[in-house]
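Report on one structure; see the data block that follows.
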Amino acid sequence: MAATAAEQQQFYLLLGNLLSPDNVVRKQAEETYENIPGQSKITFLLQAIRNTTAAEEARQMAAVLLRRLLSSAFDEVYPTLPSDVQTAIKSELLMIIQMETQSSMRKKICDIAAELARNLIDEDGNNQWPEGLKFLFDSPVMPWDRWLQILCMLIWFIPQVIAALLQTMEDQGNQRVQAHAAAALINFTEDCPKSLLIPYLDNLVKHLHSIMVLKLQELIQKGTKLVLEQVVTSIASVADTAEEKFVPYYDLFMPSLKHIVENAVQKELRLLRGKTIECISLIGLAVGKEKFMQDASDVMQLLLKTQTDFNDMEDDDPQISYMISAWARMCKILGKEFQQYLPVVMGPLMKTASIKPEVALLDTQDMENMSDDDGWEFVNLGDQQSFGIKTAGLEEKSTACQMLVCYAKELKEGFVEYTEQVVKLMSNLLKFISDCISLMIKRVRVAAAESMPLLLECARVRGPEYLTQMWHFMCDALIKAIGTEPDSDVLSEIMHSFAKCIEVMGDGCLNNEHFEELGGILKAKLEEHFKNQELRQVKRQDEDYDEQVEESLQDEDDNDVYILTKVSDILHSIFSSYKEKVLPWFEQLLPLIVNLICPHRPWPDRQWGLCIFDDIIEHCSPSSFKYAEYFLRPMLQYVCDNIPEVRQAAAYGLGVMAQYGGDNYRPFCTEALPLLVRVIQSADSKTKENVNATENCISAVGKIMKFKPDCVNVEEVLPHWLSWLPLHEDKEEAVQTFSYLCDLIESNHPIVLGPNNTNLPKIFSIIAEGEMHEAIKHEDPCAKRLANVVRQVQTSGGLWTECIAQLSPEQQAAIQELLNSA
């Protein structure tokens with residue numbers, strides 16, 4: 001496994017260049033690193049991690065790169081290593097963890113071990129690294145929290161965890177310890193994948209039932225409730241994870257849970273009652289409408305009785321938030337049938353969503369005097385002043401807003417009676433205390449944004465005039481919020497919702513003032529994006545720069561890129577709605593978008609810059625050609641880029657160029673073909689990280705043949721194109737390729753059908769594979785065309801038998817499923 005000293009020294013220089021603030025140096029280093037074979041990468045990276053005399057930045061970078069390699073390319077790299085090398089890597093990692101003295105470095109090495117352990121669980125749940133468990137228990141230096149993320153994936157550990165927690169829960173010696181064990185079980189089942197929990201479900205559920213019965217008796221006899229509260233939540237968590245697999249246990253729990261809701265009416269039992277209401281609704285959601293309907297009427301009556309007492313509840317009654325969430329789950333279970341309960345539910349819900357918290361502007365002294373009051377949260381404004389907000393009721397307000405989103409989403413036109421009052425409320429909540437960092441307040445603003453396109457969909461049933469009236473309430477508020485929202489998570493949701501609203505409303509929904517304001521905001525966002533990148537490079541030169549700073553900078557970069565994706569979303573919605581009419585407005589942004597696709601830019605910039613030009617080609621052609629000088633050469637160059645996401649964006653652009661571009665694009669379609677073929681035919685084109693880009697290339701070749709057939713030799717390319725089918729990862733492009741395949745078959749194209757229809761078995765195989773991978777939805781017209789192709793052959797006797805005989809049993813079943821469904 002060892003590399004020579006000279007090779008390792010070269011690799012240390014490469015690691016240093018990967019951290020370089022110079023874009024050109026860093027890009028060259030990235031390209032060099034990408035071209036190193038996988039096994040050599042592992043060797044170099046492990047030696048760098050092991051070498052405690054190496055620069056700390058280089059060691060930490062090596063650790064990050066090794067974890068990424070195991071995460072993104074495990075199947076391509078690790079299984080190809082000789083077994084002795086695999087064994088050496090596992091032993092080496094455990095040894096390095098034990099020897100490492102630097103805590104942040106040990107944390108990163110533990111991350112590598114966690115990633116390797118995750119990948120060494122096969123599809124049947126078998127663990128291929130058993131010595132990892134022994135190390136977990138034996139090693140005093142292994143941080144427990146680093147392994148907690150993989151415990152649920154190690155199937156040989158699950159029964160031990162469950163047994164230990166259940167044993168503690170059944171220990172009658174200490175109520176508080178029992179409650180802690182129940183809380184740990186809740187966390188465990190929430191994180192455990194469903195497939196790994198199911199084998200232990202029967203034992204787990206029966207123990208929980210016996211504990212619940214025992215604790216219910218204790219409540220009646222002694223009035224103790226702490227453990228029962230946690231047990232009820234444990235049951236809810238198990239049902240939530242198990243989903244339909246919980247059906248056999250439904251009747252075991254539901255009578256007791258209904259009994260608790262009906263009888264736990266004393267003030268001191270409010271929390272238990274609220275948690276039980278939550279549990280019932282989560283079980284209902286897990287088992288589905290068919291099973292739950294036997295109790296739905298009783299449960300609804302219990303909830304309605306509680307709801308009628310809502311006005312008598314104190315503001316801090318814990319039942320309120322549980323009730324609000326339970327109603328939303330009942331809405332999901334009952335669907336349209338829930339509409340009848342809206343008159344009862346909506347009044348209290350709107351009241352809660354409209355809660356106005358108490359706020360105050362305080363000097364430092366006043367704030368210190370109030371600091372013992374847990375009901376206040378403060379933000380330092382500088383100049384000896386702080387902004388304070390009383391948090392009582394905020395969680396309930398946040399939950400209520402999220403439930404309004406749920407009702408709009410689930411009931412659609414059935415919610416139309418309430419759209420106007422909800423739109424007015426939510427439009428105001430977009431700016432709800434936007435200078436406060438409280439998570440609950442952020443959730444209120446996110447819910448307000450998320451509701452907007454859903455409310456428009458609800459209002460659509462009343463016609464265009466009413467729809468436009470609703471849009472006027474929210475449009476100005478959305479644009480203003482995009483310009484002023486300080487939190488990136490909330491901002492991204494507002495921008496996404498604004499884009500969705502434009503798609504609902506279409507051409508004409510924005511006036512000149514809107515466009516002027518929006519153009520200025522988007523220009524500022526893009527300029528801020530570039531400025532932030534420059535500031536991060538400056539920070540990398542600072543003497544305090546280290547791995548922790550780099551992690552923080554990477555988080556900032558991820559946030560900036562996510563906002564960039566939302567700029568792209570907004571432009572997409574505008575281009576698709578307004579077409580070429582909007583291009584004069586767009587030109588104020590053009591230099592900034594061109595800058596995104598410059599070769600020295602980070603790859604996410606190039607990806608999303610290309611996506612914006614893709615939209616211009618698709619929705620604004622043939623007028624788009626006037627910008628060809630800016631994007632055509634980069635697009636042709638980037639189709640062979642090292643980064644799959646960049647290749648995919650470029651390939652999609654070349655496809656829509658063929659499909660929608662005018663005659664000016666013809667020579668470039670000819671030039672694009674060999675580049676696309678080169679990507680498709682590369683040895684690793686179908687690996688997990690490359691397949692989406694490759695499928696976009698295959699689709700682009702099909703579009704060139706279909707829409708610009710005089711630009712290529714179709715008869716020469718077509719057999720190759722057929723051999724690349726089917727597509728199944730990129731569903732939209734799969735529909736495009738299958739539609740073109742149907743065109744060719746329906747026109748009896750001789751190359752596609754082959755002499756004497758000899759290619760039909762291959763075509764059947766392509767159709768079957770597409771069906772098996774759910775490449776096309778059965779309601780799509782293309783699915784019906786494919787089914788008709790099969791039916792035509794079905795009537796031909798011998799040819800049908802020949803085609804079916806060459807399919808596997810799974811493929812035959814897929815063909816039958818297509819015939820039955822499409």
Side-chain angles (χ1 to χ4, degrees), residues 3-51 53-73 76-77 105 108-109 111-112 530 532-543 545-558 560-561 595-609 634 637-647 650 682 684 687 689-690 693:
T4 67
E7 289 173 333
Q8 191 65 35
Q9 193 57 43
Q10 281 294 110
F11 191 73
Y12 287 135
L13 291 174
L14 179 63
L15 289 174
N17 288 341
L18 287 170
L19 291 166
S20 171
D22 187 314
N23 284 328
V24 175
V25 172
R26 193 173 65 255
K27 183 170 171 51
Q28 288 175 345
E30 288 170 356
E31 291 176 356
T32 302
Y33 176 78
E34 287 299 320
N35 290 325
I36 298 174
Q39 182 171 346
S40 299
K41 277 182 185 171
I42 291 179
T43 301
F44 287 132
L45 292 169
L46 265 177
Q47 287 190 215
I49 293 166
R50 186 199 306 127
N51 183 5
T53 64
E56 192 64 25
E57 294 85 357
R59 292 185 69 218
Q60 298 218 10
M61 174 58 85
V64 170
L65 290 173
L66 182 53
R67 183 185 61 77
R68 286 180 186 167
L69 182 66
L70 293 175
S71 173
S72 64
E76 291 79 53
V77 177
M105 188 66 193
K108 285 186 167 47
I109 304 166
D111 285 340
I112 299 169
F530 295 125
N532 287 346
Q533 286 181 338
E534 292 173 4
L535 290 174
R536 283 192 288 275
Q537 293 298 6
V538 170
K539 288 178 182 177
R540 289 186 172 101
Q541 300 294 317
D542 194 276
E543 61 180 19
Y545 173 76
D546 57 17
E547 180 63 23
Q548 281 70 39
V549 174
E550 178 59 31
E551 283 188 10
S552 174
L553 296 178
Q554 285 293 334
D555 288 342
E556 290 176 18
D557 187 63
D558 289 345
D560 276 0
V561 169
N595 193 25
L596 286 173
I597 61 172
C598 288
H600 67 277
R601 303 303 314 171
W603 70 259
D605 283 17
R606 293 183 285 130
Q607 175 196 7
W608 291 102
Q637 174 189 341
Y638 290 148
V639 81
C640 297
D641 196 83
N642 285 333
I643 302 298
E645 291 85 351
V646 176
R647 289 201 302 276
S682 65
D684 60 350
T687 59
E689 67 267 25
N690 290 329

Checklist line | N595 CG to D605 CG distance, which is reported to the nearest 0.5 Å | finding: 8.0 Å
Note to self: Does V561 form a side-chain contact (heavy atoms from CB on, under 4.5 Å) with D557? I'd like the steps, not just the answer.
What the structure shows: CA-CA 6 Å; V561 169; D557 187 63; 4.1 Å; yes
Notebook entry, point to check: side-chain contact (heavy atoms from CB on, under 4.5 Å) between M105 and I49: does it pass, once the steps are laid out?
Noted result: CA-CA 9 Å; M105 188 66 193; I49 293 166; 3.8 Å; yes
Item checked: Sub-4.5 Å side-chain heavy-atom contact between V538 and D542 -> no
Next item on the list: Output all residues satisfying salt bridge (Lys or Arg N to Asp or Glu O under 4.0 Å) with E645, sequence neighbours left out; order by chain, then residue number.
Entry: none
Next item on the list: Mark yes or no for whether S20, through its side chain, and G16, through its backbone, hold a donor-acceptor pair below 3.5 Å.
Entry: no
Item checked: Over all atoms of both residues, closest heavy-atom pair of K41 and I36 -> CE-O, 3.2 Å
Note to self: As an exercise, state the distance from CZ of R68 to CG of D111, rounded to the nearest 0.5 Å.
What the structure shows: 12.0 Å
Item checked: Counterpart residues, side chain to side chain donor-acceptor pair (under 3.5 Å), relative to Q28 (two or more places apart) -> none
Next item on the list: Assess whether side-chain contact (heavy atoms from CB on, under 4.5 Å) is satisfied between H600 and K27, documenting all intermediate values.
Entry: CA-CA 7 Å; H600 67 277; K27 183 170 171 51; 5.8 Å; no
Check: Does the side chain of M61 reach to within under 4.5 Å of the side chain of E550, using non-hydrogen atoms?
Finding: no
Notebook entry, point to check: What distance do D558 atom CG and L553 atom CG have between them, rounded to the nearest 0.5 Å?
Noted result: 11.0 Å
Item checked: Value rounded to 0.5 Å, distance of CD in Q60 from CD1 in I109 -> 9.0 Å
Item checked: Nearest heavy atoms of D684 and N690, plus distance in Å -> O-ND2, 2.9 Å
Notebook entry, point to check: Rounded to the nearest 0.5 Å, how far does CG of D546 lie from CZ of R540?
Noted result: 12.5 Å
Notebook entry, point to check: Short question: side chain of N642, backbone of E31 - any donor-acceptor pair under 3.5 Å?
Noted result: no
Check: Is there a side-chain contact between R536 and D560, using heavy atoms and a 4.5 Å cut-off?
Finding: yes
Item checked: Side chains of K539 and Y545 in contact at under 4.5 Å (non-hydrogen atoms) -> no
Notebook entry, point to check: Between L15 and A62, what is the shortest heavy-atom contact and its length?
Noted result: CD1-CB, 4.1 Å
Check: Is a side-chain donor or acceptor of S71 paired with a backbone partner of R67 at a separation under 3.5 angstrom?
Finding: no
Margin query: Do Y33 and L14 make a side-chain contact, defined as non-hydrogen atoms from C-beta onward lying under 4.5 Å apart?
Written below: yes
Note to self: Do V64 and K108 make a side-chain contact, defined as non-hydrogen atoms from C-beta onward lying under 4.5 Å apart?
What the structure shows: yes
Notebook entry, point to check: Is E7 close to Q47 at the side-chain level, that is, under 4.5 Å between some pair of heavy atoms?
Noted result: no
Notebook entry, point to check: Shortest non-hydrogen contact from D641 to R647?
Noted result: O-NH1, 2.8 Å
Margin query: Less than 4.5 Å apart, side chain to side chain, heavy atoms only: is that true for Y638 and Q607?
Written below: no
Next item on the list: Could you pull out the closest heavy-atom pair between L69 and G38, with the gap in Å?
Entry: CD2-O, 4.2 Å
Checklist line | Derivation of the side-chain contact (heavy atoms from CB on, under 4.5 Å) call for L65 and L18 | finding: CA-CA 11 Å; L65 290 173; L18 287 170; 3.7 Å; yes
Margin query: So, taking the atom named CD in Q39 and the one named CZ in F44, what distance separates them when rounded to the nearest 0.5 Å?
Written below: 11.0 Å
